[in-house]
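Below: one structure, written as structure tokens.
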There are 2 protein chains.
Amino acid sequence: MARKQGSHSDITGPKVREAALRLIARHGYAAVSMRQIAAEVGVQAGALYNYTPDKQSLLFDLMHDHMSALLAAWSNVDTAGPALLRLQAFTGFHIRFHLPRADQVFVSYMELRNLNPENFAVIESLRHRYEDALEDILRAGEAEGVFAVADTRVTTMAVIAMLTGLSNWYRHDGRLETDVIEAIYWDLVRKAVTA
Amino acid sequence: MARKQGSHSDITGPKVREAALRLIARHGYAAVSMRQIAAEVGVQAGALYNYTPDKQSLLFDLMHDHMSALLAAWSNVDTAGPALLRLQAFTGFHIRFHLPRADQVFVSYMELRNLNPENFAVIESLRHRYEDALEDILRAGEAEGVFAVADTRVTTMAVIAMLTGLSNWYRHDGRLETDVIEAIYWDLVRKAVTA
DNA sequence: GTCTATATACGGATAGAC
DNA sequence: GTCTATCCGTATATAGAC
């Protein structure tokens, strides 16, 4: 199975996306050039256009994949049951999903400005679906009488901001294990919303 | 008091900073050109260099002014007293200070990557001082026995993330008044940390 | 599929006239 | 203090050879 020299589409494609993700997370979309991404991959800039029609699509794909994977993973966790358990599942899921994906989180939350309007609308609707998942749990808990919050939508946004903010300071080589982090945040979330 | 035509340093200076803040908040530092800022102000690009030595200094000044103003304003609020009241004061202060400054908040939290190392260190130390103000309150409350949190530093970061996240979705023409927002968040914060 | 070379536009910053 | 003009570097994206 001789392969023509210089033909590596099966490995170059993923490498382009990995390099773009890492560089954009570190320096920002507008500050990263296609030449930088190419250099990181080990090809010339022109070769990138075999894998993306343009720079904007590269950003959109990174963000879209992240949000799709998030929703797909959550759909495998979400279950019926008491709202308190569902909230605990959401909190733990959010932390475990996001902690190993610092670059994706960073890009998905910081580069919304750099999406064109059509792409922005797509990502926003995915994000909205995720927010709604939490809001549903809070409303269920209020109906059960186990949660009591002043405003359900505001609380939804507040809890997500609190959980997502974790990615801004957590370091894998830090003093705290994931399990401990999870317990600390669950304690805060539970107390904040319970009646 | 005849003034030479075209000489407007007393009004152009502030306008440059306002235009830069607005444009950077909207599009990001790297995506905004000096020519865009100049067009917004109503001058040519070269004229901007009467007010800033370079683009990096413009960004740093915006962030530095914001953080300095934040710490100065907090120093006028912080008082002795029971930790619960101090925490309520912090929560209310944070919201009232940040809500009318959406652009400053956005720039100060999103453009850290675009500061050079020296400038980054300065801004980080200011941010750290603000975080420490909250951490002190939490520790005082634990000593009093009114607060009980699993980890004080993590709780500090979680509370600030929750409060600051408000700026990401709050709209002045939305359904909720500042006072109501403040009450909702105080309810969440209080319950999350009290014993 | 990748390369080199290039079209075309725009970037930050400066010089010198007024 | 602002303007016009410009230096010089880099940007995205494409064309055509291999």
Side-chain angles (χ1 to χ4, degrees), chain A residues 1-21 23-24 26-63 107 111 113-119, chain B residues 1-21 23-24 26-63 107 111 113-119:
Chain A
M1 296 290 271
R3 179 180 283 279
K4 193 169 114 189
Q5 188 188 25
S7 176
H8 302 287
S9 74
D10 47 347
I11 58 169
T12 303
K15 281 176 73 178
V16 168
R17 299 163 58 81
E18 288 159 20
L21 178 66
L23 287 170
I24 292 172
R26 194 174 185 83
H27 304 292
Y29 173 76
V32 172
S33 69
M34 296 298 269
R35 282 177 175 83
Q36 278 178 273
I37 297 170
E40 187 93 351
V41 172
V43 297
Q44 293 300 314
L48 296 181
Y49 292 87
N50 289 311
Y51 304 97
T52 180
D54 49 37
K55 193 185 175 190
Q56 168 73 202
S57 299
L58 192 49
L59 175 64
F60 174 72
D61 287 346
L62 293 174
M63 295 176 72
V107 169
E111 302 295 352
R113 294 178 294 189
N114 289 306
L115 292 173
N116 68 34
E118 297 78 22
N119 289 341
Chain B
M1 297 289 272
R3 179 181 283 280
K4 196 170 111 187
Q5 189 186 26
S7 176
H8 303 288
S9 75
D10 48 347
I11 59 170
T12 304
K15 281 176 74 177
V16 168
R17 300 163 58 80
E18 287 159 21
L21 178 67
L23 286 170
I24 293 172
R26 194 175 185 82
H27 305 292
Y29 172 76
V32 171
S33 69
M34 295 298 271
R35 284 174 174 81
Q36 277 178 274
I37 296 170
E40 187 92 351
V41 172
V43 297
Q44 293 299 314
L48 296 181
Y49 292 87
N50 289 311
Y51 303 98
T52 181
D54 50 37
K55 193 185 176 191
Q56 167 73 202
S57 298
L58 194 49
L59 175 64
F60 174 72
D61 287 345
L62 292 174
M63 295 175 72
V107 169
E111 302 294 353
R113 294 178 295 190
N114 290 307
L115 291 174
N116 67 33
E118 297 79 20
N119 290 340

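Note on naming: letters A, B, ... go to the chains in the order of the sequence lines (proteins, then strands), and numbering restarts at 1 for each one. What's counted below: heavy atoms across the whole structure, side chains too, no hydrogens, waters or symmetry copies.
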Nearest-Å distance, [atom1] ([X]) to [atom2] ([N])?
X: A:L48; N: C:dT4; atom1: CG; atom2: C1'; value: 15 Å
X: B:Y49; N: C:dG16; atom1: OH; atom2: C1'; value: 17 Å
X: B:L23; N: C:dG12; atom1: CG; atom2: P; value: 12 Å
X: A:I37; N: D:dA11; atom1: CD1; atom2: C1'; value: 12 Å
X: A:I24; N: D:dA11; atom1: CD1; atom2: P; value: 14 Å
X: B:R35; N: C:dT14; atom1: CZ; atom2: C1'; value: 12 Å
X: B:N114; N: C:dG11; atom1: CG; atom2: P; value: 16 Å
X: A:M34; N: C:dA7; atom1: CE; atom2: C1'; value: 17 Å

- Counting heavy atoms from C-beta on, name the nucleotide in C:dT2, D:dA11, D:dT2 closest to the side chain of B:A47.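 Comparing C:dT2, D:dA11, D:dT2 against the side chain of B:A47, the answer is D:dT2.
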- Query: In terms of side-chain heavy atoms of A:N50, which of C:dG1, C:dA13, D:dG1 is nearest?
  - Reply: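 For the A:N50 side chain, the nearest candidate turns out to be C:dG1.
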- Salt bridge check: are A:K55 and A:E111 linked by an N-O gap of less than 4.0 Å?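 Salt bridge absent between A:K55 and A:E111.
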With a cut-off of less than 4.0 Å, is there a side-chain N or O of [X] near OP1 or OP2 of [N]?
X: A:T12; N: C:dT2; value: yes
X: B:Q44; N: D:dT4; value: yes
X: B:S33; N: C:dG11; value: yes
X: B:Y51; N: D:dT2; value: yes

- Item | Check: A:Q56 side chain, A:N116 main-chain N or O, donor-acceptor pair, under 3.5 Å |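 Yes.
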Going by heavy atoms in the side chains, are [X] and [Y] under 4.5 Å from each other?
X: B:N50; Y: B:T12; value: no
X: A:V16; Y: A:V43; value: no
X: B:M34; Y: B:Y49; value: yes

- Considering heavy-atom distances to DNA chain D, does A:A31 or A:A45 have its closest nucleotide positioned more toward the 5' end?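 Closest to the 5' end, via its nearest nucleotide, is A:A31.
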- Task: Remember a base hit wins even if backbone is also touched, and classify A:V41 as base, sugar-phosphate or nothing at under 4.0 Å, heavy atoms.
- Result: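 Answer is nothing: A:V41 stays at 4.0 Å or more from every strand.
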